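Below: one structure, written as structure tokens.
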Amino acid sequence: MNNRPPTALGLALQLAGPATADALAERLRPETVAALSERLRVPESAVETLTGWEEQGLWRASTDDVGEFLLRAAATGDPEIARVLYVERHRRTPEFLSAILAAADPTDPRWYAAGGLVPTVLEDPGGLELEPALQGPFPELVEHAVRHLGRELPLPVVLDACLHLARLAGAPAIGKLAKSIEATADELAHPGLAELLRSAAAAPDPGSFLQERRPAGEWTDPAHAHALLRVRMEERDVEQPAGLGWELILREHDRRPFGGKRVPSENRHANPLIRLVGWEGCPDELIGECLPDSSWAVLRAGARMPFEEVAGMWTGKGPDGRIVRHGVLTGHLDRVLGELTPARDVLDGLPYDHEPTREAVAALVAPLGADPVNWLTFYARMGRTAGTAPELVADAASADSPKRTTTWPRPLAAVFPVTAPGDSRAVFLNVLQCAPEAAQIAVVPHLDARAVQHFLVYGDPAPAVREAIVATHGVPALASYASSRKLPGATLEYLLDLDEPAVDANLFAHCHIDQRERERMLAGRLRRGGTRSAVPEELLDALDEVNLGHYRHWLIAGLESGDPGVARKLVGRLKFQVPAARLRLLIAVWERGGPDAVREVLAMDRLPVTLRRQTEKLLDAPDGLERLRDRLAAEEDPAKLLGHPPSRLAADGVPLPWAALVEAQRTGRLPDHLPAALAEFTDCPREMRLAALRTMPPAYPRGFYDRGNWVWHLLDSGALTPDDLLMHAAPAQTALDHLVEALAGASVRDRQALRARATALTESHLGGSAEAWAVCLQLLPTFAGTLSELISTAGAVARV
């Protein structure tokens with residue numbers, strides 16, 4: 001159904017209350033009809049038909065859920081509404097036809113007129129939407145539905161429809177239906193049905209005759225027949241109805257196969273049986289009928305599959321982890337491990353998140369014990385063996401096996417940032433994780449640097465195993481551990497607490513750590529307390545690799561470090577735009593390293609000539625540092641900082657003068673575009689953000705045009721609320737557009753709270769005056785103020 005975001009008129013009708021809204025709809029009838037035409041997706045000429053049947057119809061159609069309103073309209077039994085919805089607008093769903101037929105009076109000739117419901121349904125060649133006609137009030141449609149759906153339905157359901165037809169139209173209708181069925185090639189796949197209906201037509205009471213011959217207790221639940229019909233029609237995602245026994249389904253399959261081997265091969269592209277094999281308890285015989293022609297479909301349905309079929313798919317299609325996983329999860333774990341080959345591909349496809357699988361792999365590799373040579377041989381031969389996994393393990397564990405491996409084959413260094421393991425490395429890591437800790441600890445000293453890195457980052461080793469890795473491979477292992485962009489919080493804390501220079505360098509370069517951690521590292525402060533005399537070279541080298549286009553702020557974290565090495569890196573890589581940033585850096589270096597450290601930075605010849613000369617004169621003066629601080633204070637005077645674009649100040653790490661900015665905004669000295677530019681800064685005062693709402697950007701649908709749209713970002717973070725849009729955003733039309741989009745993704749609680757606020761506001765200023773509401777809507781497109789100001793203005797205008 002069409003549930004587009006409400007228009008301004010639609011929102012007004014929702015807020016105004018029934019009586020006022022009804023009067024407003026009449027006051028703005030042309031606009032209301034046009035809006036409803038778009039909302040209901042019907043011509044304007046049909047709006048009256050769809051809304052005239054109930055009081056306050058225009059208001060209800062504007063405010064109710066579209067689908068619920070149209071179903072209520074269909075349930076009125078009005079042939080004209082049925083014509084508009086079912087015939088002209090093609091809303092031909094079982095729900096609509098059921099609602100229409102439930103209320104229809106078959107004696108009304110309008111149902112049969114040209115373009116009416118009955119002639120239209122009689123043209124339907126048969127489909128799921130025809131199902132309600134089986135029990136509808138029109139004999140013609142019952143007969144039509146039986147002829148077109150009877151082949152797909154069980155005999156008891158067909159007889160129920162015939163019994164209903166007999167009650168509606170008597171013996172002549174049953175006799176006519178018998179002739180129609182007899183004329184078909186197979187009596188709708190119900191042998192003897194035509195003869196049964198002829199006998200019923202000749203009986204004194206056709207209904208009683210049919211009732212006596214209907215199998216008792218079978219297919220009495222309409223949900224069962226509906227699910228079966230959906231399967232026959234190859235509908236997707238048909239849920240298994242509760243209480244439907246497999247015996248009835250099997251009998252239906254015997255009557256008319258759903259698919260599988262009983263269907264000619266040229267028709268097997270249409271296989272409704274696949275919908276059934278995924279149902280719980282599906283008999284093996286039905287699953288078997290889908291194999292081997294539809295093995296992949298059976299696998300995707302999650303159905304049990306004989307191991308022989310799993311093995312056939314594996315050997316026929318080539319290694320595919322989905323086959324192994326399916327075989328394991330459907331009860332063939334032992335045979336998958338023991339019979340499929342080659343071993344590496346089988347082990348690669350196992351579901352290691354499945355505890356029985358992990359236990360089975362642990363039992364499989366138990367012969368390897370805690371002998372590292374066994375494990376190294378297992379790894380070395382994994383990619384070359386053509387046998388099964390047990391054969392690979394037995395070969396690797398045999399002391400008599402030739403050419404046993406004693407060192408890691410083809411060792412590789414760690415990579416930064418880390419990349420996920422693949423091929424034999426990935427399999428070995430998964431298998432090793434299933435082994436006892438003693439075996440893991442025994443193997444650890446023999447891993448190459450890349451395997452150590454993979455084990456730490458992707459293996460989630462137990463604390464004892466991790467300690468063994470660190471004890472054997474030392475700081476390089478920890479440094480490689482710190483090379484992942486996404487580390488669990490506990491792991492990140494563990495690595496940060498080490499205060500190891502190489503580890504910190506990789507965390508700085510490859511992890512998205514907090515900016516305060518970067519500032520701490522570049523200042524040389526240790527987590528466990530104290531400060532390094534100099535920032536380590538490893539961390540200084542990491543500064544050379546920072547992508548300034550994306551992560552300039554990583555370097556800015558060292559602006560006030562004071563460490564001469566950090567300062568030289570910053571001056572060498574960054575071009576500061578704001579004088580205050582340069583002065584901050586030089587003062588921090590002087591405070592930490594003295595005048596000579598400042599001379600080293602100035603000697604790089606990367607700072608403005610005037611600044612270098614002025615600073616050099618101060619280096620030998622007794623009060624030189626104090627005078628440099630005075631110059632910084634002058635540069636950081638709020639009035640002077642206001643002369644720089646906020647983005648430039650932020651890029652150079654200079655704190656924005658928020659108090660001065662807010663004061664400038666209050667007094668009208670701040671350029672109109674600046675509040676919006678400032679709104680997304682994390683420390684932006686709320687007053688500035690509310691001021692930014694006075695110049696709203698256009699509201700495009702979220703998810704497509706919202707990149708860079710600060711309004712959406714602040715709403716998502718909670719820094720702004722929908723209520724702020726109502727009270728502070730302008731112009732009014734743009735604010736309303738944003739508000740509608742914001743409410744589409746808001747919680748029920750937030751929507752209710754905003755509705756209560758808006759209702760109180762409109763009641764206070766517009767009350768029950770349809771004229772005031774009309775003025776509000778007329779002013780909306782050009783009103784420059786906020787929505788709250790618009791509402792109060794409209795109320796004042798209407799009272800004049």
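Because the structure is a prediction, the values reported are computed rather than measured.
Between E239 and R230, no side-chain nitrogen of the basic residue sits less than 4.0 Å from a carboxylate oxygen of the acidic one, so the salt-bridge criterion is not met. D64 and R72 are joined by a salt bridge, as a carboxylate oxygen and a charged side-chain nitrogen come within less than 4.0 angstrom of each other. The residues R147 and E152 are annotated as not salt-bridged, no charged nitrogen and carboxylate oxygen being separated by less than 4.0 angstrom. Here D237 does not pair with R275 in a salt bridge; the nearest charged N to carboxylate O distance is not below 4.0 Å. Between D186 and R256 there is no salt bridge, since no side-chain nitrogen of the basic residue lies less than 4.0 Å from a carboxylate oxygen of the acidic one. A salt bridge does not link E182 to K179: none of the charged side-chain nitrogens sits closer than 4.0 Å to a carboxylate oxygen.
Of the possible polar contacts, one joining the R92 side chain to the V87 backbone as a donor-acceptor pair under 3.5 Å is found. In this structure, Q14 contributes its side chain and T63 its backbone to no donor-acceptor pair below 3.5 Å. A distance-only check finds no donor-acceptor pair linking the side chain of H190 to the backbone of R151 [under 3.5 Å]. In this structure a side-chain-to-backbone donor-acceptor pair under 3.5 Å is present from T32 to L28. With T76 contributing its side chain and A73 its backbone, the two residues share a donor-acceptor pair below 3.5 Å. Using modelled atom types, one side-chain atom of R214 and one backbone atom of E218 make a donor-acceptor pair closer than 3.5 Å. Judged purely by atom type and a 3.5 angstrom limit, S717 uses its side chain to pair as donor or acceptor with the backbone of L714. In this structure a side-chain-to-backbone donor-acceptor pair under 3.5 Å is present from S769 to A772. Of the possible polar contacts, one joining the H224 side chain to the A242 backbone as a donor-acceptor pair under 3.5 Å is found. Judged purely by atom type and a 3.5 angstrom limit, T734 has no side-chain atom pairing as donor or acceptor with the backbone of A730.
The distance from atom CG of L761 to atom CD1 of I791, rounded to the nearest 0.5 Å, is 4.0 Å. Of the inter-residue distances, the one linking Q733 atom CD with L779 atom CG reads 12.0 Å to the nearest 0.5 angstrom. The CG atom of D78 lies 10.5 Å from the CH2 atom of W53; values are rounded to the nearest 0.5 Å. The CG atom of L85 sits 12.0 Å away from atom CG of L97, with the distance rounded to the nearest 0.5 Å. In this structure, the separation between SG on C162 and CD1 on I181 is 5.5 Å, given to the nearest 0.5 Å. Rounded to the nearest 0.5 Å, atoms CG (L155) and CZ (R255) are 8.0 Å apart.
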Requested in this report: Begin with the C-alpha distance, continue with both residues' side-chain angles, and end with the deciding distance and a verdict on side chain to side chain contact (heavy atoms under 4.5 Å, CB included) for F258 and L228.
Outcome: CA-CA 10 Å; F258 292 98; L228 184 80; 3.4 Å; yes
Requested in this report: Please test R686 against D724 for salt bridge (Lys or Arg N to Asp or Glu O under 4.0 Å), starting from the C-alpha separation and ending with a verdict.
Outcome: CA-CA 11 Å; R686 176 171 168 77; D724 292 331; 2.6 Å; yes
Report task. With salt bridge (Lys or Arg N to Asp or Glu O under 4.0 Å) as the test, would you mind laying out the steps for E771 and R799 before giving the verdict? Result -> CA-CA 9 Å; E771 183 63 28; R799 288 191 295 271; over 6 Å; no
Report task. Start with the C-alpha gap between L70 and F96, add the side-chain angles, then the distance that decides, and say whether side chain to side chain contact (heavy atoms under 4.5 Å, CB included) holds. Result -> CA-CA 9 Å; L70 292 180; F96 262 108; 3.6 Å; yes
Report task. Mind running side chain to side chain contact (heavy atoms under 4.5 Å, CB included) on H728 and R694 for me, showing each step along the way? Result -> CA-CA 7 Å; H728 301 284; R694 302 291 299 199; 5.7 Å; no
Requested in this report: Please assess E789 against T786 for the test side chain to side chain contact (heavy atoms under 4.5 Å, CB included), listing each intermediate value before the final yes or no.
Outcome: CA-CA 5 Å; E789 292 167 347; T786 66; 3.1 Å; yes
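For the pair L780 and L787, the minimum side-chain heavy-atom distance is below 4.5 Å. Side-chain contact check for L766 versus L15: every heavy-atom pair is 4.5 Å or farther apart. The closest side-chain heavy-atom distance from R232 to E252 is below 4.5 Å. The shortest distance between side-chain heavy atoms of I287 and L273 does not fall below 4.5 Å. Between F138 and H144, the closest side-chain pair of non-hydrogen atoms is not below 4.5 Å. V142 is not listed as a side-chain neighbour of L134, based on a closest heavy-atom distance of 4.5 Å or more. For the pair I100 and W111, the minimum side-chain heavy-atom distance is below 4.5 Å. At a threshold of 4.5 Å between non-hydrogen side-chain atoms, the residues E131 and L153 do not count as touching.
When every heavy atom of L58 is checked against every heavy atom of A25, the shortest pair comes out as CB-CB, 3.9 Å. In terms of heavy-atom proximity, A742 sits nearest to L725 at CB-CD1, 4.2 Å. E234 approaches P272 most closely through the heavy-atom pair CG-CG, 3.7 Å. Here the shortest heavy-atom pairing between C282 and V277 reads SG-CA, 3.6 Å. Minimum interatomic distance between L790 and A732 (heavy atoms only, all atoms of both residues): CD2-CB, 4.1 Å. Smallest separation of non-hydrogen atoms from E235 and L128: CD-CD2, 4.0 Å.
Of the residues listed (L720, L715, L678), the one engaging W710 in a side-chain contact (heavy atoms from CB on, under 4.5 Å) is L720, and it is the only one.
Between H738 and W712, the angle of the ring planes lies from 30° to 60°, which puts this pair in the tilted group.
Residue-environment remark: CG (D105) exceeds the threshold of 12 foreign heavy atoms within 6.0 Å.
The side-chain tip of R60 does not point at the ring of F69 from less than 6.0 angstrom away and within 45° of straight on.
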